[in-house]
Amino acid sequence: RFISVFCLLISPLLVIGCGETYRTDLSRGDHLSSSRNKRDIHTTPARKFCSPGSSVPPTRTNTTTRLKNLREEISKLGLFAYIIPSGDAHQSEYVAEEDKRRAWISGFTGSSGFAVVTSTTAAVWVDGRYYIQGENQLDCNWIMMRSDEPDTPDWVDWLQGEASGQQVKLGADPSLTGAATWLNWEKKLLTRNIMLEPIINNLVDMIWGKDDKKKSSAIDVCREEYAGQSWKEKVRDLRRDLNEKGATAMVVTALDEIAWLFNIRGQDIPYSPVVKAYAFITQSSIYLYISGEVSQALMAHLNSGGCEGSKECVTIKEYKEVFTDLAGDPGQSVEKKILLGKPWAYTGGASFAIYNAVKEDKRLLELSPIMIRKGQKNDMEIQGMENANIKDAVALIAFAAELENGMAAGEEWDELKASRRLLEYRNKQKLFKGPSFQTIAAYGAHGAIIHYKPSTETNAKIGTDSLFLLDSGGQYLDGTTDVTRTFHFGNPTPFEKEAYTRVMMGAIDLAKGIFRAGTTDTRMDILARSPLYSVGLNYRHGTGHGIGAYGLVHESPIQVRIYKEEEHELKVGMFFSDEPGVYIEDLFGVRLETVLRVVEKNLTYAGRGFGPFYGFKAVCLVPFEPKLIDYSLLSREQVDWINSYNKEIVDKVGPLLLQEGYTAAYSWLMDRSVHIPWEQGRARMVRMTNGSGAKTSISVVGIAVVLLNFLCL
């Protein structure tokens, strides 16, 4: 009885709870429809490091002069306020340096955020991934709105409060907001006596002083051996899709859709192999509007040597001519509707500027059929994605072995050094083109900053008394990768082990999930969160995102997010990330990310008429960290999954490590792939050898916790 009471008393001390909050797509205004109770719109959220005498974090940018100059331009136009979203003219999630207007005006560099500047105030709405980063980067000129908190006002309500009920004008660049989103804003703002006005000349650009000279980037042809289908076949499919939707033309604005449709790739946005371009496709003509170099190879690839009378010839034109063509003869001569993409998942849809250029009676706002086809990979793309992930595993395992052996030998490592060295390993792999995003190498408290990126100002030494979170990926000619693993180079605490194990349990439960055809992404999220929910833990980001084939690392339509009203059907051939996590501010972060492929399952009673049934196959092949696993928490099914996964890693990656001369990495892999036995109703602890130079020790505290858990059962 004493032991039972003692267990009850100490159990709360072993787990630290996280608030249950969720990510919102701010750039589209999804948070405007929330039915949650909001905070008083006149309340200003308290900011850290903004009280008198506070030391200013070195990561903050002084925006006083920038805001003063912007307000002067706002005043000249008779506006009350001005909106600065995160996207570019193509509604991209990740944008080129010259399009980072919201980051420049505010100092906040997260990929998602939404800024509103009035004559006297400035506010930025950020989602749960960026709460810590926002506090570190936004200076005290800004109100930081935590959009996922239940008492945070949306920007429309807040702006109404700032206007005190007066009729005011709000300005925005129509090229930076999707048409469907803009029209939704107009309706909501009118009910609050706020008039939304399109401002053609971007006000931030007017005060930025950036170099507007367009640097031409090379456009590469993506060979059919990687694409699996010619661009001509894809255009034929698109024309059929358009006919089924009652349209005879489409304006393609999403950059990844243009890259995929025409089998071209570029370097216009860091880490994303896309070309800044528009496309206008009718039943008889194809126009491509680009700002990059037009090489002879590109013209030959697109049959651009004279297009009179040809339906499979691409006319290449200047980037900005798309607006005059849509309003002129090419647009006017379209017989039926012109399809304009609307928002879906990461795709923001055609801008309001494009929408305005199309004659009113020809506009059709509809989901892009290209997005749907692109998300479901063909056989060649599937093979390429699997090959890319195997090569990526070789690089990451070789790096991880060097890092761990170096730490054990007393070498000095820091976050930037780790990022550079990992890139060197990837550079040695065949068909590697570059990172798929900036590496997140986060030691200790930095791991709690969900999208932390090391810099010279923040670079931390990697030690042995906390966790090291490493989230990275690569672009290969045959596929795109994204993988996260979390390490510890000393003796983890019981809470660190439990946090890691529960994150791993959630990742496994999602990976082994089986579901009926027609099931949507949001409904699978509970599998990953349940092991955390059961002890009061959670994470402030989605569990999974679609991944392109030598494309965007965040690809529509898959978004595994339990809190999203928008759902997307999981289809065979889709790839997405499985990445639950736990983040404890000022302590550590854990995230484990494995790329999965949707596959059809051949089940015992599949022929009984209840199917088809689908499941997932892990294509990222990097082992988990045994020293961070609390085996007493695992179920038999989870242990079986780990053993099967480890065997596949050894079979597919092991020979390549030896072939490339990474013998130490092979030993590191074998240490982490030891079969986990199941004895007397529980998994037995795996003891690693010292073959990789790393040793596992069990602390006195660890032994006490194990004994205590046993006594409490």
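When reading the values below, keep in mind they use all heavy atoms of this one structure, side chains included, and skip hydrogens, waters and symmetry mates.
Using modelled atom types, no side-chain atom of D578 and backbone atom of T594 make a donor-acceptor pair closer than 3.5 Å. A donor-acceptor pair under 3.5 Å links the side-chain atoms of R265 to the main chain of Y550, judged by distance alone.
Residues passing the side chain to side chain contact (heavy atoms under 4.5 Å, CB included) test with T663, sequence neighbours excluded: L658. By the side chain to side chain contact (heavy atoms under 4.5 Å, CB included) test, S635 is found to be paired with E637, Q638, residues two or more places apart in sequence or in another chain being considered. Every residue was checked against the side chain to side chain donor-acceptor pair (under 3.5 Å) condition with Q659, not counting sequence neighbours, and none meets it. A search for side chain to side chain donor-acceptor pair (under 3.5 Å) contacts involving E569 returns nothing, not counting sequence neighbours. For Y452, the ring pair (Phe, Tyr, Trp, His ring centres under 6.0 Å) partners at least two apart in sequence or on another chain are H446.
Side-chain polar atoms of S556 and T347 form a donor-acceptor pair below 3.5 angstrom. Side-chain contact annotation: Y500 with H488, donor-acceptor N/O pair under 3.5 Å absent.
Using the six-membered ring where Trp is involved, H554 and H545 have ring planes that are tilted, between 30° and 60° apart. Ring planes of F487 and W668: tilted class, angle from 30 to 60°.
Annotation for E225: atom CD counts as buried by contact number, over 12 foreign heavy atoms lying within 6.0 Å.
Remark: R502 engages E498 in a salt bridge, criterion side-chain N to carboxylate O under 4.0 Å. Electrostatic pairing of R426 and D392 counts as a salt bridge here, judged by a charged N lying under 4.0 Å from a carboxylate O.
Taking the centre and axis of the six-membered ring of Y539, the NZ or CZ atom of R529 falls inside the cone set by 45° and 6.0 Å.
Evaluation of the ring pair (Phe, Tyr, Trp, His ring centres under 6.0 Å) test over residues 401-443, restricted to residues two or more places apart or in two chains, returns Y425-Y662, F432-Y476.
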Walk me through whether Y346 and Y94 qualify under ring-ring contact (aromatic ring centres under 6.0 Å, His included).
CA-CA 10 Å; Y346 298 102; Y94 297 102; 8.7 Å; no

